[in-house]
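Have a look at the structure below before the remarks.
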Amino acid sequence: MANVGRTMFFGELSKLLRKQIKVVTLSNKTYTGIFDGYNPETMSICLTDAEDEKENLINKIFLNGNIVSQIFTTEKPFDMRGLADRLEKVFPRMVRLYEDIGVIVVMDKIRVNESGILEGAGPAAERVQRVFDEFTRSRTRA
């Protein structure tokens with residue numbers, strides 16, 4: 001059971017990759033930047049385009065896991081389940097959500113992630129794109 005928890009923990013951490021996060025160290029220093037990588041054995045992390053609490057810009061910083069106290073997300077996560085539900089209304093029984101990799105497959109040929117269509121063309125893909133666009137617009141208004 002411990003392995004399941006470990007897998008889920010690192011799965012959640014991996015979902016933050018390429019997203020903006022805030023890191024607090026044991027000495028209460030804070031860094032905000034793009035989460036570019038981590039070492040699961042040491043919990044050391046890499047931030048790019050970072051900034052410290054004094055607003056000093058740092059191109060790239062590696063923080064040893066021994067000094068990391070907290071990691072916060074600063075972006076609201078994309079609601080893949082919500083998008084899949086919305087697509088299901090337009091394409092009944094033709095939508096599959098793969099949460100572990102953050103991909104939705106429509107009609108076994110159109111792949112969508114939080115950025116938009118990854119694969120697929122034609123009228124069905126255009127319809128998926130319109131649903132995606134409306135979904136993302138409604139998220140920004142909320």
Report task. Answer whether the closest heavy-atom distance between the side chains of Arg96 and Asp108 falls below 4.5 Å. Result -> yes

Report task. List for me each residue that meets side-chain contact (heavy atoms from CB on, under 4.5 Å) alongside Arg18, sequence neighbours excluded, and say none if there are none. Result -> Ile34, Asp36, Thr48

Query raised in the report: Between the main-chain N or O of Asn56 and the side-chain N or O of Asp52, is there a donor-acceptor pair closer than 3.5 Å?
Result: yes

Query - Results of salt bridge (Lys or Arg N to Asp or Glu O under 4.0 Å) for Glu51 - residues two or more places apart only - result: none

Report task. Would you give the length of the straight line joining atom OG1 of Thr30 to atom CD of Gln70, rounded to the nearest 0.5 angstrom? Result -> 11.0 Å

Query raised in the report: Hey, are the side chains of Glu134 and Arg130 touching, using non-hydrogen atoms and a 4.5 Å cut-off?
Result: no

Report task. State which residues pass salt bridge (Lys or Arg N to Asp or Glu O under 4.0 Å) with Arg86; sequence neighbours excluded, sorted by chain then number. Result -> none

Query raised in the report: Linking I/L/V/M/F/W/Y whenever their side-chain heavy atoms sit closer than 4.5 Å, directly or via other members, would Ile45 and Met43 fall into one cluster?
Result: yes

Requested in this report: Could you list the residues that satisfy side-chain contact (heavy atoms from CB on, under 4.5 Å) with Lys29, not counting sequence neighbours?
Outcome: Thr25, Ser27, Tyr31, Glu53

Query - Spacing of Ser69 atom OG and Leu63 atom CG [to the nearest 0.5 Å] - result: 12.0 Å

Report task. Find out whether Ile117 and Phe132 are in side-chain contact, i.e. whether some heavy atom of one side chain is under 4.5 Å from a heavy atom of the other. Result -> no

**Report entry** Side-chain heavy atoms of Ile21 within contact of Phe72, under 4.5 Å
**Finding:** no

Query raised in the report: Are any side-chain N or O atoms of Glu114 and backbone N or O atoms of Gly102, one a donor and one an acceptor, separated by less than 3.5 Å?
Result: no

Query raised in the report: By side-chain hydrogen bond (donor to acceptor under 3.5 Å, both in side chains), which residues pair with Ser44, not counting sequence neighbours?
Result: Thr42

Query raised in the report: Hey, does Glu88 have a side-chain heavy atom less than 4.5 Å from the side chain of Arg93?
Result: yes

Report task. Find out whether Lys22 and Ile71 are in side-chain contact, i.e. whether some heavy atom of one side chain is under 4.5 Å from a heavy atom of the other. Result -> no

Query raised in the report: Would you call the rings of Phe135 and Phe78 parallel, tilted or perpendicular if under 30° counts as parallel and over 60° as perpendicular?
Result: perpendicular

Query raised in the report: What pairs meet the side-chain hydrogen bond (donor to acceptor under 3.5 Å, both in side chains) rule with one or both residues in residues 57-66, with sequence neighbours excluded?
Result: Asn64-Asn66

